Amino acid sequence: MKIYNTLSRKIEEIKTLENGVVKIYTCGPTVYNYVHIGNLRTFIFEDFLEKTFKFLGYKVIRVMNITDVGHLTSDADEGEDKIEIGAQREGKNAWDIASFYTNAFIENMKELNCDIPKILPKATDHIKEMIDLIKKLEEKGYTYKTSDGIYYDTSKFKDYHKLMGESHIKGIKEGARIEFNKEKKNPTDFALWKFSPKDKKRQMEWDSPWGVGFPGWHIECSAMSMKYLGETLDIHCGGIDHIQVHHTNEIAQSEGATGKPFVNYWAHAEFLVLSQNEKMSKSTGNFITLKSLKDRGFSPLHYRYFCSQAHYRKQLEFSFEALESAKNGYNHLKNSIAELMEGANQNDIADCDKKSNYYIDFVEAISNDLNIPRTLAVVWEVIRDKKLKNIEKLSLIKKFDEVLSLDLLKKDEIIIPGDILELAKKRDEFKKTKDFKKADGIREILKQKGYIIEDTLKGPRIKKL
RNA sequence: GGCGCGGUAGCCAAGUGGUAAGGCCGCGGUCUGCAAAACCGCUAUACGUCGGUUCGAUUCCGACCCGCGCCUCCA
């Protein structure tokens, strides 16, 4: 298994710490609002990664955090964080907001056929671990206090910029904009613990050795990843935007505290970008959710298929036109497979032939920096192959779907209401008496009611529009 | 201003130092009472521009143009 490592800027063969086991930490959502389809692209990438390891025989231990506290809206803001703003917006308390959007997130993941990591720690459940970690950093001299919190002195950590590469350092210094916090010693210093504002009671705040307050924006990932995966882990994933700040700070915190390498491989997913208009941003409220896709007639798996068509390290341009073509492609694929399954018993689909060139191509593709688009081409090639038997094709596709998770062999069972069945029956009778005008009339009525009728060798088949 | 990424047929998008996957769209055919679905076939002389290295570059190097991202919370 090879993957691009942001740390080395090279595609590397993965060597896990423990043979046959891979420990993965994936940055999860901040639950103050719905996740958007850009977030979802990253989570789908991580799901492909996890399933690829499983496909290749690894045991995967994966952690995904739920950030339910602490992320400030910006450096300039005093004390306000997104969860509390969300609470104000919706007239609920902060805890309810976090819980509501956590559930919504999990629901989205399920709909997209993404496995929910078994270890899904919430930041608010790990305040103690964070405090302990900050204490360790304090002991080692990495911290200093300002009027509003405990900060990390990034000048004390040797390789602070290692994730970004040497060339970034210059840019950060020169490109640094307005410095919001004058008490910070270096522009890149960041808060480990923030004090609650003196005049205001926060909904979420905790006691600490430094005073009542709440954790900084980065400490939770260091604390929770090391708690569940150990001081060094194999792979850490996230969106590409996290490289410069969040992940860089995680390294500084974790390695500063332990003196050991924190992560061996960093894997980052590129952005989903909108072809026109502004960018999608959760904090500005300008974003598309899975629900809005569904409202426009797309299924979650249409979106998963859409994402599967592009490599995770390349920006993917989102447009409804492009999604429409993915939808057509996906439906076509499912229909083709449904035809292959006609007459075949699902139980007869045995293990696939691992010596098949298609199987070899598939493994080659997923193992080579997760080339999912290539695997889709393999699936199409299998379907179009003139020599393979249907059952052989299905066994390959079934195996491939362990990674793709597109429900390729799943029959869409839909419940047809009685009145629709009644109409279909009538149409069939008209057809038999060759009264095609009336038969077509009924077909038109059914269409208006949202159902399509297709005549097959085995009789009519009703589908939802 | 700094850093980074990309520009492949009408659209989305893989990939490669020796002339380029796949999907969508379009067209024709088989099937059908007609459709639909599926299948078969076809299609566009596709690799931003200009140089360089090379026997040979879309693939490597340089410059330029264009688009995008990050640099402030953000997948």
Side-chain angles (χ1 to χ4, degrees), chain A residues 26-30 32 35-46 70-77 80-82 85 164-165 167-178 180 187 217 237-246 268-275 279-284 287 305-306 308-311 313-319 321-333 335-340 342 361 365 368 371-381 383-384 386 431 434-437 439-440 443 447 452-457 460-461 463:
Chain A
T26 48
C27 282
T30 306
Y32 64 95
V35 292
H36 59 62
I37 58 174
N39 299 313
L40 259 12
R41 182 191 186 196
T42 298
F43 299 139
I44 290 170
F45 148 68
E46 291 162 354
H71 277 216
L72 299 181
T73 47
S74 85
D75 251 351
D77 283 319
E80 271 190 317
D81 78 26
K82 291 172 176 175
I85 283 177
M164 305 181 236
S167 54
H168 284 247
I169 303 167
K170 212 176 113 210
I172 284 212
K173 282 180 185 161
E174 290 175 3
R177 293 193 186 170
I178 315 141
F180 296 119
W217 334 316
C237 302
I240 197 160
D241 54 322
H242 279 331
I243 295 173
Q244 298 195 52
V245 179
H246 183 56
H268 292 101
E270 252 293 358
F271 266 33
L272 178 82
V273 296
L274 298 177
S275 42
K279 70 172 202 159
M280 217 176 323
S281 166
K282 213 164 152 181
S283 52
T284 61
F287 59 86
Y305 185 86
F306 173 75
S308 309
Q309 288 180 305
H311 188 88
R313 272 197 302 118
K314 263 196 164 180
Q315 286 182 358
L316 173 58
E317 278 200 28
F318 178 85
S319 68
E321 190 192 357
L323 184 61
E324 183 72 32
S325 93
K327 176 184 176 175
N328 290 340
Y330 178 74
N331 289 157
H332 185 182
L333 188 59
N335 283 333
S336 303
I337 292 168
E339 296 282 333
L340 292 177
E342 284 293 322
D361 283 353
N368 188 16
N371 192 340
I372 299 297
R374 170 73 194 130
T375 68
L376 245 33
V378 175
V379 171
W380 281 104
E381 284 161 15
I383 288 175
R384 299 273 154 82
K386 285 169 184 164
K431 263 190 70 183
K434 299 206 187 290
D435 193 346
F436 297 122
K437 259 193 177 168
D440 289 352
R443 189 163 63 191
K447 199 175 172 187
I452 278 185
I453 197 153
E454 294 170 356
D455 294 323
T456 71
L457 289 174
R461 177 201 292 154
K463 279 187 183 171

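This one's a predicted model, so the numbers in the text were calculated from it and none came from an experiment.
For the pair A:Glu454 CD and B:U32 P, the interatomic distance rounds to 16 Å; values are reported in whole Å. If you take NZ of A:Lys447 and C1' of B:C34, they are 13 Å apart, rounded to a whole angstrom. Rounded to whole Å, the distance from CZ on A:Phe306 to P on B:C12 is 10 Å. Rounded to whole angstrom, the span from the OH atom of A:Tyr32 across to the P atom of B:C73 amounts to 12 Å. Rounded to a whole Å, the CG atom of A:Leu272 is 12 Å from the C1' atom of B:G69. Counting to the nearest Å, the C1' atom of B:C73 and the CD atom of A:Gln244 are 14 Å from each other.
Of the C1' atoms belonging to B:C60 and B:U54, the separation is 10 Å, rounded to the nearest Å. Comparing B:G2 with B:U72, their P atoms are spaced 16 Å from each other, to the whole Å. Of the C1' atoms belonging to B:U43 and B:G23, the separation is 16 Å, rounded to the nearest Å.
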Practice problem: Let me have a per-nucleotide readout for nucleotides 19-28 of chain B, 5' to 3', with B, S or -, counting only protein heavy atoms under 4.0 Å. | Solution: --BSBSS---

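In this model, the phosphate group of B:A37 is not approached by any side-chain N or O of A:Asn335 to a distance below 4.0 Å at OP1 or OP2. The shortest distance between the side-chain N/O atoms of A:Lys386 and the OP1/OP2 oxygens of B:C40 is not below 4.0 Å. Using a 4.0 Å cut-off, some side-chain N or O of A:Lys314 falls inside it from OP1 or OP2 of B:A14. Taking side-chain N and O atoms only, A:Thr30 has no distance below 4.0 Å to OP1 or OP2 of B:C74.
Side-chain atoms of A:Asp440 and base atoms of B:G33 include a donor and an acceptor less than 3.5 Å apart. No hydrogens or angles were tested; on distance alone, a donor-acceptor pair under 3.5 Å links the side chain of A:Arg443 to the base of B:A35.
The base-pairing partner of B:G1, taking Watson-Crick or G-U wobble contacts with both distances under 3.5 Å, is B:C71. B:C47 is unpaired under the Watson-Crick or G-U wobble criterion, no partner having all donor-acceptor distances under 3.5 Å. Under the Watson-Crick or G-U wobble criterion, with both distances below 3.5 Å, B:G6 is paired with B:C66. Judged by Watson-Crick or G-U wobble contacts below 3.5 Å, the nucleotide B:A37 has no partner.
Using a 4.0 Å heavy-atom distance criterion, A:Leu316 is classed as a sugar-phosphate-only contact. No engagement by A:Ala269 is indicated, since no non-hydrogen atom pair under 4.0 Å with the nucleic acid exists.
Toward the 5′ end of RNA chain B lies the nearest nucleotide of A:Lys434, the other residue of the pair A:Lys434 and A:Asn331 mapping further downstream. Nearest-nucleotide positions on RNA chain B for A:Arg41 and A:Asn371 put A:Asn371 closer to the 5' end.
Residues passing the ring-ring contact (aromatic ring centres under 6.0 Å, His included) test with A:Tyr305, sequence neighbours excluded: A:Tyr330.
Under the 30°/60° scheme for interplanar angles, the aromatic rings of A:Phe287 and A:His36 are found to be tilted.
Without hydrogens or angle criteria, A:Arg41 side chain to A:Glu270 main chain gives a donor-acceptor distance under 3.5 Å.
Side-chain proximity of A:Arg461 to the nucleotides B:G33, B:A37, B:A13 is greatest for B:A37. Listed nucleotides: B:C11, B:C74, B:A14. Nearest to the side chain of A:Glu321: B:C11.
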Quiz prompt | Working for side chain to side chain contact (heavy atoms under 4.5 Å, CB included), residues A:Lys327 and A:Asn331 | solution = CA-CA 6 Å; A:Lys327 176 184 176 175; A:Asn331 289 157; 3.7 Å; yes

